[in-house]
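Read the structure below first, then the notes.
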Amino acid sequence: MMRRLLQLTVDGIAVTNGSKVYTKNGTVTVSGTLVETYEVKEFTIKGQTMPLSAGPFTKSLTLAEESHSIVIKVKDKADKETTQTVTVV
């Protein structure tokens, strides 16, 4: 489900599940495109609810100086959940 619904970048770098992104500052920007929303009932980034609207999205996150996992979840109307995790170091 995730592949057809979501295109994702972190600080401008295209990422996939399990990617690792390195940053020198405490803020990262997660952006991408939610391709369709017809079957989607929930969309979250690091536990924060995102709008269910097809098209581009951007979410800035402030992180402490340690390794973080950013978890992106999409749940459809049948309650099937797809999770994509990106590690920011």
Side-chain angles (χ1 to χ4, degrees):
M1 181 173 74
M2 180 73 76
R3 209 171 299 155
R4 72 180 173 86
L5 293 178
L6 187 65
Q7 298 169 347
L8 186 66
T9 66
V10 175
D11 282 350
I13 300 167
V15 294
T16 58
N17 193 37
S19 291
K20 190 175 279 190
V21 177
Y22 296 90
T23 185
K24 291 185 179 183
N25 60 46
T27 303
V28 296
T29 301
V30 178
S31 59
T33 303
L34 192 57
V35 178
E36 66 171 82
T37 59
Y38 177 73
E39 291 295 322
V40 176
K41 77 173 193 178
E42 188 177 309
F43 173 38
T44 62
I45 296 176
K46 200 164 172 68
Q48 299 175 21
T49 301
M50 297 296 292
L52 290 179
S53 57
F57 64 86
T58 300
K59 179 72 175 169
S60 292
L61 300 169
T62 301
L63 308 172
E65 293 184 22
E66 55 203 46
S67 180
H68 290 274
S69 291
I70 298 174
V71 179
I72 298 96
K73 293 182 183 180
V74 176
K75 185 184 284 190
D76 68 15
K77 292 178 181 178
D79 285 332
K80 292 181 183 176
E81 184 174 274
T82 301
T83 302
Q84 186 167 344
T85 302
V86 177
T87 301
V88 178
V89 181

ask   = CG/Leu63 to CD1/Ile70 distance, rounded to the nearest 0.5 angstrom?
value = 5.5 Å

remark   = NZ (Lys41) and CG (Asp79) are apart, to the nearest 0.5 Å, by 3.5 Å

ask   = How long is the gap from OG1 on Thr82 to NZ on Lys75, to the nearest 0.5 Å?
value = 11.0 Å

query = Side-chain contact, heavy-atom cut-off 4.5 Å: Lys46 with Val30?
reply = no

ask   = Under 4.5 Å between side-chain heavy atoms, hopping through other hydrophobics if needed: is there a path connecting Phe57 to Ile13?
value = yes

query = Got Val21 and Val28 here, is their nearest side-chain heavy-atom distance under 4.5 Å?
reply = no

ask   = So how far is it from Thr85 OG1 to Asn17 CG, rounded to the nearest 0.5 Å?
value = 5.5 Å

Nearest-0.5 Å distance that lies between atom NZ in Lys59 and atom CD1 in Ile45 = 7.5 Å

ask   = Do Met50 and Leu52 share a hydrophobic cluster (ILVMFWY, side-chain heavy atoms under 4.5 Å, transitive)?
value = yes

ask   = Where the side chain of Asp11 meets the backbone of Thr29, is there a donor-acceptor pair that is under 3.5 Å apart?
value = yes

task = Quick one: list whatever passes side chain to side chain donor-acceptor pair (under 3.5 Å) with Lys20, sequence neighbours left out.
result = none

request  = Could you give me the CA-CA distance, side-chain angles and deciding distance for His68 and Leu61, then say whether side-chain contact (heavy atoms from CB on, under 4.5 Å) is met?
outcome  = CA-CA 11 Å; His68 290 274; Leu61 300 169; over 6 Å; no

ask   = How many angstroms lie between atom OG1 of Thr44 and atom CD of Glu81, to the nearest 0.5 angstrom?
value = 7.0 Å

